[in-house]
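Step one of this worksheet: look at the structure below.
In this chain, residues are counted from 1 in sequence order. We count ligands from 1, going down the list as the structure has it; atoms in each ligand are counted the same way.
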Amino acid sequence: MTSEELLKQYNDWKFRLSVYEMALSIIEIDKLTVAPVAGASYRDERTAFLAGEHFSIMTDEASLNVVKELKESAEDPDIRKEAETYYREIMKIVSIPKEDYVAFQRARDASYDAWVAAREADDYSIYEPHLKSMIEWSRKLYRYRDCNLPLYDQMLDDFEPGMNTAAYDRFFESIKEKLLPFIQKVIEAKPIDESFLYESCDTAKQKAWTKQILLPYLRFDKDWGFQNETEHPFTSWTCENDCRTTTRYFENNVTSSVFSTIHETGHAWYEHNISPKYDGTILSTGVSSGMHESQSRFCENYLGRSLPFWQANYRSLQETFPDVFENISLEQFYRAINASKRSLIRTEADELTYPIHILIRYEIEKGLFSGSISTEHLDETWNEIYQKYLGVHADRASDGILQDVHWSDASFGYFPTYALGSAFAAQFFHAMKQQMDVDAALRENRYIDCIYWLKDHIHQYGARYSADEIMVMATGEPFNPNYYLDYLIEKYSRLYSISL
Ligand code: ZN
């Protein structure tokens, strides 16, 4: 085959793949947002068929040879990297029989449906057999890979290439060692009054404020982005100019939707800013889960929970809800949105205790796959570990084991990337502040300048470079968790007047 023919075959194959990926993505967004629950099993059956077709294209032998050839011989380094990345992903699934792959997709959809039902009934026993089935399915599917690494290490590597149990153990050890004693000091310090954040704020007014003030401030543009509502906020996309985010509104927690909006649009900005030269290819996506989460948490916490962000936005919030905020100063508001407390819900947790929520999930996942923890009574195990690290106990399963969607779709190994991403973000924040006046940008309604920095240093590359390479290019040094630990301890010492 001439190199022209080779490239033509390759491009046709990529295009066909991207067609199925777009369809599957839209179907999933629909399922998670507006699709009526009663139609779930009909849809799930057909979605599994489509996923099977995608699998067949992905693992087709002739195309695999083309990818292999290009990964070794393509002159263009972008194409070589692309082909390498496809090859790596194909190798993960190529030995799985198609029937198993399709049956797993069906089981996974059923598991998600059971999780929704279990949450509604507040009953872990509805979900338990499905969780068990997701673990068994994972064991089975990974066995086909014929890889010598321990199973959980393979899972960790899938979400964060290059990471494994040893590296995460070191990371979480430093969190335990430095943050747990510091959190104890914060608990003993004078609490910050945040009670006014839970007063009633009409959700229709919250939605109007988000639409008229917050989304324009964040420059989330409806030409390429759309915000919907869901129980569990998320971001998805089909290409850089079609990014979907969701949020949820609570009458008695006005800032919940604010921060989920900032978080999810942070994910959307990452996808939107990837260079169009990678369109329709495997490089046109964030490089890893940790890197993705670093971008959303950067926007949510490092920018969104800062004083300058609210110097630009607090007055309009006060004017929208005068009954609640009229007599609350900007400083009081800023302290309240950063108040730290031992809480049950990960997505509502403050920045300081957040990594502890992740540490707990990491320990449970490790236990589930080493066999030291069972799905039986996992609701109780969950509470024991929460008690140990955070001193809290969930009376309702929906505030405990049932709060997160991730295990219902077999995303084991995903959670640790949340803490890692928060730590990546601290290092990016440090670098950004050396190069631009972040506070002035936020105060002066130039949030977009921060996004441009992220685009130049991170977003534009998509998956062209590894997370490690991007870290060095953007900050001048390899990942160092001390930026994160120092940032948290410095910020919370100031907030709680703790002398170090
Ligand atoms: Zn996120």
Side chain to side chain donor-acceptor pair (under 3.5 Å) against Glu351, all qualifying residues, sequence neighbours excluded:
Tyr487, Lys491
Can you name the side chain to side chain donor-acceptor pair (under 3.5 Å) partners of Gln212, sequence neighbours left out?
none
Please name the atom of Glu293, limited to N, O or S, that comes nearest to the Zn ion (ligand 1).
OE1
Using 2.8 Å as the threshold, say whether any N, O or S atom from Glu264 sits that close to the Zn ion (ligand 1).
no
Metal check, the Zn ion (ligand 1) vs His267 N/O/S, cut-off below 2.8 Å:
yes
Taking the ring centre of each residue, are Phe428 and Phe298 less than 6.0 Å apart?
no
Aromatic contact, Phe159 with His406 (centres under 6.0 Å):
no
